[in-house]
Amino acid sequence: MDFSNKQFPLLKNDRLLRAARGQEVDKVPVWVMRQAGRYLPEFQAVRAKHDFFTVCRTPELACEVTLQPLRRFEHLDASIIFSDILVIPQALGMTVEMHPGKGPVFPNPLQDVSEINNLKEEGAVSRLSYVGDAITLTRHKIEGKVPLIGFTGAPFTLMGYMIEGGGSKTMSKTKDWLEKYPKDVHRLLALLTRVIINYLVMQVESGAQLLQVFESSADHLTREQFIEFSTPYLKDIRSGVKNILNEKNIEQVPMTVFAKGGGHSLDIQADLGYETIGLDWTVDPIEARKIVGENITLQGNLDPQDLYKRPDEIKTLTIDMVKKFGKHRYIANLGHGITPQTPIESMTVFTESVHEAV
Ligand code: CP3
């Protein structure tokens, strides 16, 4: 299949992009983190036949599961390309497996700082060309219905998985590295940052219309550690992508930073150059707006657990949330990914209620 044709269908619903740029919208745009996922039987049907990373690596399959939520939920205002943040460690030469019920597993995590030298930075982005192919194919198949979001994990979050060898409740090995080997940690974070910048530019060249950077493990960092180990790289990623797109004469796309658990540092996040800041559910919308000011879009932040409540309760909570954020510079979402047992009807009620709210 030829993925190179970039004459994409015209975008019919630009609410998400308008909100990210601070332009007026007719309705509040809504999408949901992990909207393509295990709560959907049609996703599970694909996963029953194909390994997780096979879906990521096969553009036709990645495109199919990306489109699945759009077929069910007419109120969704965006799609996010189906992939995973851990494709970057894979492209650097590490093995990552997805174990059902357990999540990602690295059979050989980084055990010693000397192993940073084994990571294969050269050619990493070309080894991720399948993500670009999936994006290009999806931009065609989506027929301009809604914009397509590209994404990456942020350097600290990726480093954590590479050291822990999977998800971790304590991040104790990673914290040990921060304490004992700060120089090597910064060397690794800088390496990841270089790869991430080029990876995101490749996604835009392939057709991504907005980019989200997931700093999902920020909840393990104090404000001081966040300032030392996360924000300098988040800032470099934003300016790096902007500069390269400028040099290559490619149209700029808005970017979102989502630091889960980073509610203690919204003032700092507001200075990183991102158009949108994603919030988890621990942050109060009115307080967040006071801190970041009027020139940044906020995204979030219903507790994913609320989708286990009754439809009428979900509706009330959603409308209440949208009222607190207001219609200007706001994108409705959950405060983290939708969870696997969520009833499908809850998604319908959530997305519908956002559009009804104002
Ligand atoms: O719909 C979308 O949002 C796009 C797809 C997407 C996935 N992962 C698919 C996925 C996105 C944006 C991600 C990002 C991701 N992956 C993050 C950052 C966002 C976040 O949730 O904080 C992280 C930390 C990962 C790493 C990862 N991948 C974990 C920890 C897990 C296991 C947890 C779980 O939910 O099982 C995954 C697996 C994963 N990534 C699944 C999906 C749909 C479920 C696995 C499966 O299908 O077997």
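Each ligand, and each atom within it, is numbered from 1 in the order the structure gives. All residue numbers in this chain count up from 1 along the given sequence.
- Among protein heavy atoms, the minimum distance from atom 23 (C) of ligand 1 is reached at I85 CD1, 3.4 Å.
- Protein heavy atom at the shortest distance from atom 38 (C) of ligand 1 is M98 CE, 3.4 Å.
- Closest to atom 48 (O) of ligand 1, if we only count protein heavy atoms, is R47 NH2, 2.6 Å.
- Close contacts of ligand 1 with Q35, meaning ligand atoms under 4.0 Å from a residue heavy atom, involve 1 (O), 2 (C), 3 (O).
- The ring of F350 has its center no closer than 6.0 angstrom to the ring center of F73.
- Atom 10 (C) of ligand 1 has its nearest heavy-atom neighbour, among F52, F214, F151, W31, in F52.
- Nearest protein heavy-atom neighbour of atom 18 (C) of ligand 1: S216 OG, 3.2 Å.
- Y130 and F53 have their aromatic ring centers separated by at least 6.0 angstrom.
- Using a 4.0 angstrom heavy-atom cutoff, I81 counts as in contact with ligand 1.
- Atom 24 (C) of ligand 1 has Y161 OH, 3.4 Å as its closest protein atom, hydrogens excluded (heavy atom only).
- From the protein, the heavy atom lying nearest to atom 5 (C) of ligand 1 is S83 O, 3.8 Å.
- Near G103, meaning under 4.0 Å from one of its heavy atoms, ligand 1 places the atoms 32 (C).
- Residue contacts with ligand 1 for M33 involve N, CA, C or O but no side-chain atom from C-beta outward (heavy atoms, distance under 4.0 Å).
- Regarding atom 21 (O) of ligand 1, its nearest protein heavy-atom neighbour is H336 NE2, 3.1 Å.
- Residue I80 approaches ligand 1 through these ligand atoms, each under 4.0 Å from one of its heavy atoms: 1 (O), 2 (C), 3 (O), 4 (C), 12 (C).
- The residue among I338, D84, V46, V65 with a heavy atom at the shortest distance from atom 28 (N) of ligand 1 is D84.
- Under the 3.5 Å distance criterion, the side-chain polar atoms of R238 are left unmatched by any main-chain donor or acceptor of L272.
- Relative orientation of the F151 and F214 rings is perpendicular, given thresholds of 30° and 60° on the angle between their planes.
- Nearest protein neighbour of atom 32 (C) of ligand 1, counting heavy atoms only, is P104 CD, 3.6 Å.
- Between T231 and D271 there is no side-chain heavy-atom pair separated by less than 4.5 Å.
- In this structure, H186 has its ring center under 6.0 Å from that of F229.
- A 4.5 Å side-chain heavy-atom check between R21 and T297 finds every atom pair outside the cut-off.
- Between Y330 and F325, the angle of the ring planes stays under 30°, which puts this pair in the parallel group of the 30/60° scheme.
- Close N/O approach between A36 and ligand 1 is found [any backbone or side-chain N/O within under 3.5 Å].
- A donor-acceptor pair under 3.5 Å is absent between the side-chain atoms of Q212 and the main chain of T256, judged by distance alone.
- Using a 4.0 Å cut-off to heavy atoms of F43, the atoms of ligand 1 that qualify are 43 (C), 47 (O).
- Under 4.0 Å is where a charged nitrogen must lie from a carboxylate oxygen, and between E122 and R127 no such pair does.
- Placement of L191 and I237 within a single hydrophobic cluster is found when ILVMFWY residues are connected by side-chain heavy-atom separations under 4.5 Å, directly or transitively.
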